[in-house]
Trainee: 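Here it is: the structure, laid out below.
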Amino acid sequence: MPKQIILAAHFPGVNNTTVWSDPASGSQIDFASFVHLARTAERGLFDFFFLAEGLRLREQRGRIHDLDVVGRPDTLTVLAALAAVTTHLGLAGTLNATFREPYELARQLATLDHLSGGRAAWNVVTTSDSFTGENFRRGGFMDRSLRYERAAEFVRTARELWESWAADALAGDRDSGRYLTAPDPGAFIHHGDQFDIAGHFTVPRSPQLHPVILQAGDSPDGREFAASSADAIFSRHGTLEAGQEFYRDVKSRLARHGREPDDLKIIPGVTVVLGDTDAEAQEKAHHIRRQQVSPQTAILLLEQLWNRDLSGHDPEGPLPATDPDVSADAISRGRAGMYPDPVATARQWRALAEEKGLGIRDLIIEVTGRQSFIGTPRQVAERMNHFVQADAADGFILVPHLTPGGLDEFVDRVVPLLQERGVFRTRYAGTTLREHLGLGAARPVSAVAAPR
Amino acid sequence: MPDTTLHLAAALDGLGWHPAAWRLSRADPTAPLSSRWWAALAGEAERAALDLVTLEDSLDLQSTAPDGPDGHTDQLRGRLDALLVAARIAPLTQHIGLVPTTSVTHTEPFHVSTAVATLDHVSGGRAGWRPRVSARRSEARHFGRRNLPALDPAHLDAPETVRLVGDLFTEAGDAVEVVRRLWDSWQDDAEIRDVATGRFVDRDRLHYIDFAGRWFSVKGPSIVPRPPQGQPVVAALAHSAVPYAFAARHADVVFVTPADAGHAAAVVAEVRAVEETVGRTGPPLRILADLLVLLDETPTLARRRRGRLDDLATTDVGSDAAAFTGTPGQLADLIQEWHRAGVDGFRLRPAVLPDDLTAVTRALVPTLRDRGLFRAGYPDGTLRALLGLSRPANRYAAATA
């Protein structure tokens, strides 16, 4: 049997890839939008639905960013509500471990797992960002080098809490009057560098025992953290070759954590544009990119690399002749630094613009595009399947550009073709997300190597 | 015009409020871990047009001991996060208010604010919130960030205890203030989608809350647009002067625990006086009296069931609220009497679920309706509207207008 493709859907978030100027763009807040996208994903038999998280409104040039979709609901609350209107779909949320404590978050995730019948997943992120920390009691500044230490210990602590209730803790025996089999349910003690806590967890074992752990991030530390602690990893590698290289590297790291290659799924985020002909799809993709990068947005994205106020520049004109300002504080706040060497990147962009004769906006459209499948449904199905069979990925997280209808066409036109090829399910075989992903039962924390 | 409508709420917790409830409940002893259970209870309350249901919670195991677990194996232990339970049942209900409890001592006000605002969005304006102080050392140890001294319930008037309780409630007040400011930090019309200028929001209608207090500082604005009610309903449970003042400053609804009609009148007078003292500017608190209720067709049957429960329990019921054992008709008499004494309504805590809830919805409510004391159904609108509270103006919009 050929490798089976994992499919997930992202709810269009707050960056400029979400098109709001299109007449088909609906509310990003109304619960009906979430219901539509989640039900469409479930109709398409997707493995899970995925929500990002916001903790502070982004700023640029010292002011709240106002060009992209702004404002979104709380991740866990929406996922719990979606559990009521779906039956099989996995419910995954990004939840920042820097501004939460293990007891609280483990409790919420175990609750979500109970309330959804075993469909909860957590995308683990941390931040070192004191800008975001200004919204939190904890503050939040953390040395970058400690971020994965905190994440790894956080996940380990959460697992200890999820396991703290014995499998047979609940007797519920009315005749004898024994509700519990032992007097100390959920007892735990965790002493570590990041957390020193003890007491009793309030949530008995949830259906998956450990909600599925997802991780995004591409640094060596991030890859190692995923290899030790995650069930799935997001990546974004544009080409088949880059994807294969990432795939080989990450899968090869699993053995030293006592894990099998299949224990960690690699699921890049991708965009899809469909047309009746290839030419039509290409034209649609071009139109979408121009909606995503308005003239104003082009300048703002350019400023994020240049780290200077470029508001006087013509968006259709040439790139600035100066180099990026690497000495000043970041002009854009609330968003991770994306360019490790801004001066080198700026020179590459300038060379590219000159070579192709591109103004600022077209250059931004060219360099900020992400991995995407553009073509007829048949072409897209073939290429997606090729990526998976050639071990460049285990599946994909689709990132639609429209709320809430952005997934409709894919589910209607591409999913049947994948099913025809025998590479995607025709019905849900199990009920839990672990079962959808083919992960098997959760491995007890005692079987997981302790962090260094 | 004073609001004379009787308000009715059901307080949901586990398999009921009596420590031996699980022994006599028809439900599976682990039912409170399933969403079906909560959906069924909320649906039952909604069919009787109750104003709201509350969902209990704490950051610790249920216990009869004042400062940590009690080692009991004969009582229900373990529970789910109340806010997520409320969100899970929101799409399955249409009219009833959903009021989860969350701790404000160890949690982040920013997270609480966005979660309750989101509950309001997913429920179409039916969210409430009961902030709760976590005074137990066992809860503090779950977070490992601060040490709280032991709180001895036998010496609540010791100076160090008075100071500790005062601090905890002041901190809780700061938390509610932050949560409320964040709800207002988006004006209702902040989202403009102006294609001509490329702007999705008008940043002049988004506001930093710039809260700086003794325990935390929060910058804002929220990430969640203003909830449908503007301000979801804040409710506080209060038994004495400090929490009365907390409720008068920060809440819309207060749950109180009078012992009888005379005491109810005294409590109402005390709450109204505290409203004066703290200079409350909003509409007067809606005062709901808490009652643990055990109902049956005859007084004898009710007493007998109560007796069986008490015999099965190894600990005293130890209820902070008065316990009523009797018929729905007798309870209706009591409700009428206390209502005349000045309480706006009641939060009934069923002794055993679902039995004592269905007695409320199927016997008490029709009796109250027959007497012209309770609504026949739901008017259109939000939870605030149901409680006779208007949608508040946005404090920042008013300031910039």
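Per chain, numbering begins at 1; letters A, B, ... match sequence-line order.
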Trainee: Do you know which of B/R141, B/E191, B/E108, B/H121 has the most heavy-atom pairs with chain A at a distance under 4.5 angstrom?
Mentor: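 Among the listed options, the one with the most contacts to chain A is B/E108.
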Trainee: Heavy-atom distance under 4.5 Å to chain B: side chain of A/Q108, backbone, both or neither?
Mentor: both
Trainee: Would you say B/V224 and B/W186 make side-chain contact, with heavy atoms under 4.5 Å?
Mentor: no
Trainee: Charged N to carboxylate O below 4.0 Å: is that the case for A/E104 and B/R145?
Mentor: no
Trainee: May I ask you to check whether B/R36 and B/S34 show a side-chain donor-acceptor distance below 3.5 Å?
Mentor: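 The answer is no; no qualifying pair exists.
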Trainee: With chain A, which of B/D202, B/D194, B/V116, B/V178 has the greatest number of heavy-atom pairs at distances under 4.5 Å?
Mentor: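 Of the candidates given, the most pairs with chain A belong to B/D194.
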Trainee: With distance as the sole test, does A/R100 use its side chain to make a donor-acceptor pair with the main-chain N or O of A/A97 at under 3.5 Å?
Mentor: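 Such a contact is absent between A/R100 side chain and A/A97 backbone.
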Trainee: Under the criterion side-chain contact (heavy atoms from CB on, under 4.5 Å), which of A/D129, A/T132, A/L95 is the partner of A/L55?
Mentor: A/T132
Trainee: Answer with side chain, backbone, both or neither: which region of A/A198 has an atom nearer than 4.5 Å to a non-hydrogen atom of chain B?
Mentor: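 Just the backbone, heavy atoms under 4.5 Å.
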Trainee: Below 4.0 angstrom, N of the basic side chain to O of the carboxylate: do A/R178 and A/D173 qualify?
Mentor: no
Trainee: Does the pair A/D66 and B/F200 meet the rule for a side chain to side chain contact (heavy atoms under 4.5 Å, CB included), with working shown?
Mentor: CA-CA 6 Å; A/D66 62 355; B/F200 182 81; over 6 Å; no
Trainee: Specify which of B/I192, B/L119, B/L206, B/L59 makes the most heavy-atom pairs with chain A at under 4.5 Å.
Mentor: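 It is B/L59.
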Trainee: Answer with yes or no after comparing the ring centroid distance for A/W122 and A/F154 against a 6.0 Å cut-off, counting only values under it.
Mentor: yes
Trainee: Chain A: which of B/P109, B/S58, B/G124, B/A117 shares the most heavy-atom pairs with it under 4.5 Å?
Mentor: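 Maximum pair count with chain A is reached by B/S58.
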Trainee: Which answer fits A/S27, side chain, backbone, both or neither, if we ask what part of it has an atom under 4.5 Å from a heavy atom of chain B?
Mentor: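 Contact with chain B involves the backbone of A/S27 alone.
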Trainee: So which residue, B/S113, B/A87, B/G68, B/G144, ends up with the most heavy-atom pairs under 4.5 Å with chain A?
Mentor: B/A87
Trainee: Go through the atoms of A/S294 and report whether side chain, backbone, both or neither lie under 4.5 Å from a heavy atom of chain B.
Mentor: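 Neither part.
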Trainee: For chain B, which residues from residues 200-207 of chain A have at least one heavy atom closer than 4.5 Å to it?
Mentor: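 Within residues 200-207 of chain A, the residues under 4.5 Å from chain B are A/H200, A/F201, A/T202, A/V203, A/P204.
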Trainee: Hey, which of B/A115, B/S35, B/A86 has the most heavy atom pairs under 4.5 Å with chain A?
Mentor: B/A115
Trainee: Relative to chain B, which segment of A/T75 carries a heavy atom at a distance below 4.5 Å: side chain, backbone, both, or neither?
Mentor: neither
Trainee: Relative to chain B, which segment of A/V70 carries a heavy atom at a distance below 4.5 Å: side chain, backbone, both, or neither?
Mentor: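 Both backbone and side chain of A/V70 come within 4.5 Å of chain B.
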Trainee: Counting only heavy atoms closer than 4.5 Å, note whether B/H142 contacts chain A via side chain, backbone, both or neither.
Mentor: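 Both parts, heavy atoms under 4.5 Å.
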Trainee: Relative to chain A, which segment of B/A196 carries a heavy atom at a distance below 4.5 Å: side chain, backbone, both, or neither?
Mentor: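 Looking at B/A196, just its backbone touches chain A.
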Trainee: Let me know if B/S217 has heavy atoms under 4.5 Å from chain A in its side chain, its backbone, both or neither.
Mentor: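 Backbone only.
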Trainee: I'd like to know if the side chain of B/Q187 pairs up with that of B/N394 as donor and acceptor (distance under 3.5 Å, no hydrogens or angles considered).
Mentor: no
Trainee: Parallel, tilted or perpendicular: which fits the ring planes of A/F136 and A/F99, with parallel below 30° and perpendicular above 60°?
Mentor: parallel
Trainee: Please state whether the side chain, the backbone, both or neither of B/S222 comes within less than 4.5 Å of a heavy atom of chain A.
Mentor: backbone
Trainee: Name the region of A/L67, side chain, backbone, both or neither, that has any atom closer than 4.5 Å to a heavy atom of chain B.
Mentor: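 Both backbone and side chain of A/L67 come within 4.5 Å of chain B.
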Trainee: For A/D193, does the CG atom sit with more than 12 other heavy atoms under 6.0 Å from it, leaving out its own atoms?
Mentor: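 Check fails, neighbour count at 12 or below.
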Trainee: Are the side chains of A/R61 and A/L300 in contact, using a 4.5 Å heavy-atom criterion?
Mentor: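 Yes, at least one pair of side-chain atoms sits under 4.5 Å.
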Trainee: Checking A/D184 against chain B: side chain, backbone, both or neither under 4.5 Å from a heavy atom?
Mentor: neither
Trainee: For B/P221, which atoms come within 4.5 Å of any heavy atom of chain A: side chain, backbone, both, or neither?
Mentor: both
Trainee: Taking atom types as modelled, find out whether A/D22 and A/Q291 have a side-chain donor-acceptor pair closer than 3.5 angstrom.
Mentor: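 A donor-acceptor contact under 3.5 Å links the two side chains.
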Trainee: Do the side chains of A/E59 and A/R63 get close enough for a salt bridge, i.e. N-O under 4.0 angstrom?
Mentor: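 A/R63 and A/E59: not salt-bridged.
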Trainee: Take the angle between the ring planes of B/F143 and B/H106 and call it parallel below 30°, perpendicular above 60°, tilted in between.
Mentor: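 B/F143 and B/H106: parallel rings.
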Trainee: What part of B/L84 gets within 4.5 angstrom of chain A, counting heavy atoms only: side chain, backbone, both, or neither?
Mentor: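 Its backbone and side chain both get close to chain A.
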Trainee: Could you look at B/D210 and say if it's the side chain, the backbone, both or neither that has a heavy atom under 4.5 Å from chain A?
Mentor: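 Nothing of B/D210, per the 4.5 Å heavy-atom cut-off to chain A.
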Trainee: Counting distance only, does the side-chain N/O of B/W37 pair as donor-acceptor with the main-chain N or O of B/A27 below 3.5 Å?
Mentor: no
Trainee: Show the numbers, then the answer: is there a side chain to side chain contact (heavy atoms under 4.5 Å, CB included) between B/W129 and B/V179?
Mentor: CA-CA 11 Å; B/W129 170 47; B/V179 166; 3.7 Å; yes
Trainee: Taking 4.0 angstrom as the limit, do A/D113 and A/R119 come out as a salt bridge?
Mentor: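 Here A/D113 does not pair with A/R119 in a salt bridge, since their nearest N and O are not under 4.0 Å apart.
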Trainee: B/D70 pairs by side-chain hydrogen bond (donor to acceptor under 3.5 Å, both in side chains) with which of B/Q62, B/Q75, B/R77?
Mentor: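 So the option named by the test is B/R77.
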Trainee: With only heavy atoms counted, which part of A/Q28 is less than 4.5 Å from chain B, the side chain, the backbone, both or neither?
Mentor: both
Trainee: Where on A/A182 is there a heavy atom nearer than 4.5 Å to chain B: the side chain, the backbone, both, or neither?
Mentor: backbone
Trainee: Non-hydrogen atoms of chain A under 4.5 Å away: do they reach the side chain of B/Y208, the backbone, both or neither?
Mentor: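 The answer is the side chain of B/Y208.
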Trainee: Which atoms of A/E134 are under 4.5 Å from chain B, going by heavy atoms: the side chain, the backbone, both sets, or neither?
Mentor: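 For A/E134, backbone and side chain are both near chain B.
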Trainee: Please classify the contact of B/L83 with chain A as side chain, backbone, both or neither, using a heavy-atom distance under 4.5 Å.
Mentor: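 For B/L83, the side chain is the part near chain A, not the backbone.
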Trainee: Just checking B/N147: does its CG atom have more than 12 heavy atoms from other residues, nucleotides or ligands closer to it than 6.0 angstrom?
Mentor: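 Incorrect, the count does not exceed 12.
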Trainee: Examine whether an atom of A/H65 lies under 4.5 Å from a heavy atom of chain B, and if so say whether it belongs to the side chain, the backbone or both; otherwise answer neither.
Mentor: backbone
Trainee: Count the heavy-atom pairs under 4.5 Å between each of A/D30, A/L57, A/T297, A/D196 and chain B, then report the option with the highest count.
Mentor: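 Maximum pair count with chain B is reached by A/L57.
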